[in-house]
Amino acid sequence: EYMGRTAMVAFGAAPHIVTERWVQNHYRWIVWKLASMEGRYPSSLPGYCCAANTLGQLVHRYITEWVQGRRSCLKAIAQHDAPAAKPMVLCVAAFLAPNMAELTDGWYSITACLDPPLSDLVRRGLLRVGHKLTLYGCKLNSPGACEPLELTEETVLNLYYNSTRKASVFAKLGFLPKARPPVVPLSSIVMHGGTLPAVDVVVHRRYPTFYIERVGEGKRHVRSFRAEQLHTQFFEQQIAKRHAYHLEEVERELQANPPEIGVGPE
């Protein structure tokens, strides 16, 4: 790592940007990436995880991030320039606790909080390190925007079972461009698993509208739409009759006892 930083500074990288922490962070993900590719294709990529390729990847990341100004999805989220609910693919890098995991986009990492159904998958061994996840509708708990290497323990990405799906091993990490939310079957929905990205249903029967009127403790009247209209008309007629009755009473009282009209002093 030290030799990598020295070589990059000699290459022309800014020393205040290519810090030891920056190199250590990217060195970790680059070595994991190169080793995984070499392990998957040992005959096609023998010796792929080497110092030369590692240094080349470090230079590529410096140019991409600081010269071209392109950011990874977790960096944009950490800086509050992109919503955490945006569809993206992240990889499980480590498990910090039964309900806590470290997720990475291949450039940076963030601590994630798993809901009970996802934690149960970890306990059963169905969710392991190295699995890629397609995430929708995540929520970020953060005290404020900062650099991804300066994230504190208070910054946590909340994951939910109903909006999390296992991605293909060949899926590209990062935001999903123009991604449509997946259609989740009702049979896969679990309680306390968060919201659904999308659901496809067919309406088999449409019931008429019913109205419920509470008339006392534990008593209620249930009416159909037509019965509610008739009841409303009857109620309005009763109100009109009472209004007319009270108006007639006032008129009779005024006729029997006409008010005296006083004449003031000139």
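Not measured: the values here are computed from a predicted model.
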*Rounded to the nearest 0.5 Å, what's the gap from SG on C49 to CD1 on I30? Could you check?*
10.0 Å
*Is there a donor-acceptor contact under 3.5 Å from the side chain of R128 to the main chain of G125?*
yes
*Find out whether L34 and N53 are in side-chain contact, i.e. whether some heavy atom of one side chain is under 4.5 Å from a heavy atom of the other.*
yes
*Could you tell me whether a side-chain N or O of Q79 sits under 3.5 Å from a main-chain N or O of A145, the two making a donor and an acceptor?*
no
*V190 reachable from L121 in the ILVMFWY side-chain graph, under 4.5 Å edges*: yes
*Step by step, would you call V215 with H221 a side-chain contact (heavy atoms from CB on, under 4.5 Å)?*
CA-CA 7 Å; V215 294; H221 294 315; 3.4 Å; yes
*Are V89 and V92 in one and the same hydrophobic cluster, where Ile, Leu, Val, Met, Phe, Trp and Tyr link if side-chain heavy atoms are under 4.5 Å apart?*
no
*Determine whether more than 12 heavy atoms belonging to other residues, nucleotides or ligands lie under 6.0 Å from atom CD of Q238.*
yes
_Donor-acceptor check, side chain of N162 to backbone of I189, threshold 3.5 angstrom: yes or no?_
no
*Please determine if E213 and R223 form a salt bridge, counting it only when a charged side-chain N lies under 4.0 Å from a carboxylate O.*
yes
_Any donor-acceptor pair under 3.5 Å from S188 side chain to P185 backbone_ = yes
*Find out if a path of hydrophobic residues (ILVMFWY) with successive side-chain heavy-atom gaps under 4.5 Å connects V23 to V67.*
yes
*asked:* If I take atom SG from residue C73 and atom CG from residue L135, how far apart are they, to the nearest 0.5 angstrom?
replied: 9.0 Å
*If you look at every heavy atom in S43 and P46, which pair is closest and at what distance?*
O-CD, 3.7 Å
*Between Q68 and I63, is any pair of side-chain heavy atoms under 4.5 Å apart?*
yes
*Can you get from L114 to L196 by hopping between Ile, Leu, Val, Met, Phe, Trp and Tyr side chains that sit under 4.5 Å apart?*
no
*Kindly give the heavy-atom pair with the smallest separation between A93 and R28, and that separation in Å.*
CB-NH2, 4.2 Å
*Electrostatic pair R242:E249 at N-O distance under 4.0 angstrom*: no
*May I ask you to test the L140-N158 pair for a side-chain heavy-atom distance under 4.5 Å?*
no
*Check whether any side-chain heavy atom of V169 sits under 4.5 Å from a side-chain heavy atom of H131, and report yes or no.*
no
*asked:* Show the nearest heavy-atom pair for residues G106 and L173, with the distance to one decimal.
replied: N-CD1, 3.7 Å
*Kindly say whether L74 contributes a backbone atom to a donor-acceptor pair with the side chain of D105 at under 3.5 angstrom?*
yes
*For the pair K132 (side chain) and A167 (backbone), establish whether a donor and an acceptor sit closer than 3.5 Å, ignoring hydrogens and angles.*
no
*Among the clusters formed by ILVMFWY side chains lying less than 4.5 Å apart, do F234 and L230 turn up in the same one?*
no
*May I ask you to decide if L151's main-chain N or O and T155's side chain share a donor-acceptor pair within less than 3.5 Å?*
no
*For the pair H246 (side chain) and H243 (backbone), establish whether a donor and an acceptor sit closer than 3.5 Å, ignoring hydrogens and angles.*
no
*What distance separates T104 OG1 from I110 CD1, expressed to the nearest 0.5 Å?*
10.5 Å
*Does NZ or CZ of K75 lie under 6.0 Å from the centre of the six-membered ring of W66, at an angle within 45° of the ring axis?*
yes
*Hey, what do you get for CZ (R123) to CG (L118), rounding to the nearest 0.5 Å?*
13.0 Å
*So do S72 and F175 actually touch side chain to side chain, heavy atoms under 4.5 Å?*
no
_Quick check on the 6.0 Å ring-centre criterion: do Y108 and H26 meet it?_
yes
*Return the minimal non-hydrogen interatomic distance between G193 and D115, and the atom names on each side.*
CA-OD2, 3.6 Å
_Please evaluate residues Y136 and T195 with respect to the criterion side-chain contact (heavy atoms from CB on, under 4.5 Å), reporting the C-alpha separation (whole Å), side-chain torsions for both, the decisive distance (0.1 Å), and the verdict._
CA-CA 9 Å; Y136 298 84; T195 58; over 6 Å; no
*Should F235 and Q237 be marked as a side-chain contact (heavy atoms from CB on, under 4.5 Å) after you check the CA-CA gap, both sets of side-chain angles, and the distance that decides it?*
CA-CA 5 Å; F235 179 77; Q237 291 174 358; over 6 Å; no
*Rounded to the nearest 0.5 Å, how far apart are CZ of R226 and NE2 of H231?*
14.0 Å
*Would you say the side chain of T111 lies within less than 4.5 Å of the side chain of M100, judging by non-hydrogen atoms?*
yes
_For a quick test of reading the model, state the closest non-hydrogen atom pair linking M88 to L157 and the distance between them._
CE-CD2, 4.0 Å
*Can you tell me if K166 uses its side chain to pair, donor with acceptor, with the backbone of T134 under 3.5 Å?*
no
*Within 45° of the axis and under 6.0 Å from the centre of the six-membered ring of Y160, does NZ or CZ of R165 qualify?*
no
*Is the backbone N or O of A14 less than 3.5 Å from a side-chain atom of Y62, with the two atoms forming a donor-acceptor pair by type?*
yes
*Between atom CD1 of I77 and atom OG of S142, what is the distance when rounded to the nearest 0.5 Å?*
11.0 Å
*Report, as yes or no, whether the 6.0 Å neighbourhood of atom NZ on K139 holds more than 12 heavy atoms from other residues, nucleotides or ligands.*
no
*Could you tell me which non-hydrogen atom of H80 sits nearest to which non-hydrogen atom of G144, and how far apart they are?*
CE1-C, 3.6 Å
*asked:* Between L133 and T164, is the side-chain contact (heavy atoms from CB on, under 4.5 Å) condition met? List the steps.
replied: CA-CA 7 Å; L133 302 176; T164 301; 4.3 Å; yes
*Do other residues, nucleotides or ligands put more than 12 heavy atoms under 6.0 Å from E253 CD?*
no
*Tell me, do W29 and R61 make a side-chain contact under 4.5 Å, heavy atoms counted?*
yes
_In the structure I gave you, are the side-chain heavy atoms of W22 and E147 within less than 4.5 Å of one another anywhere?_
no
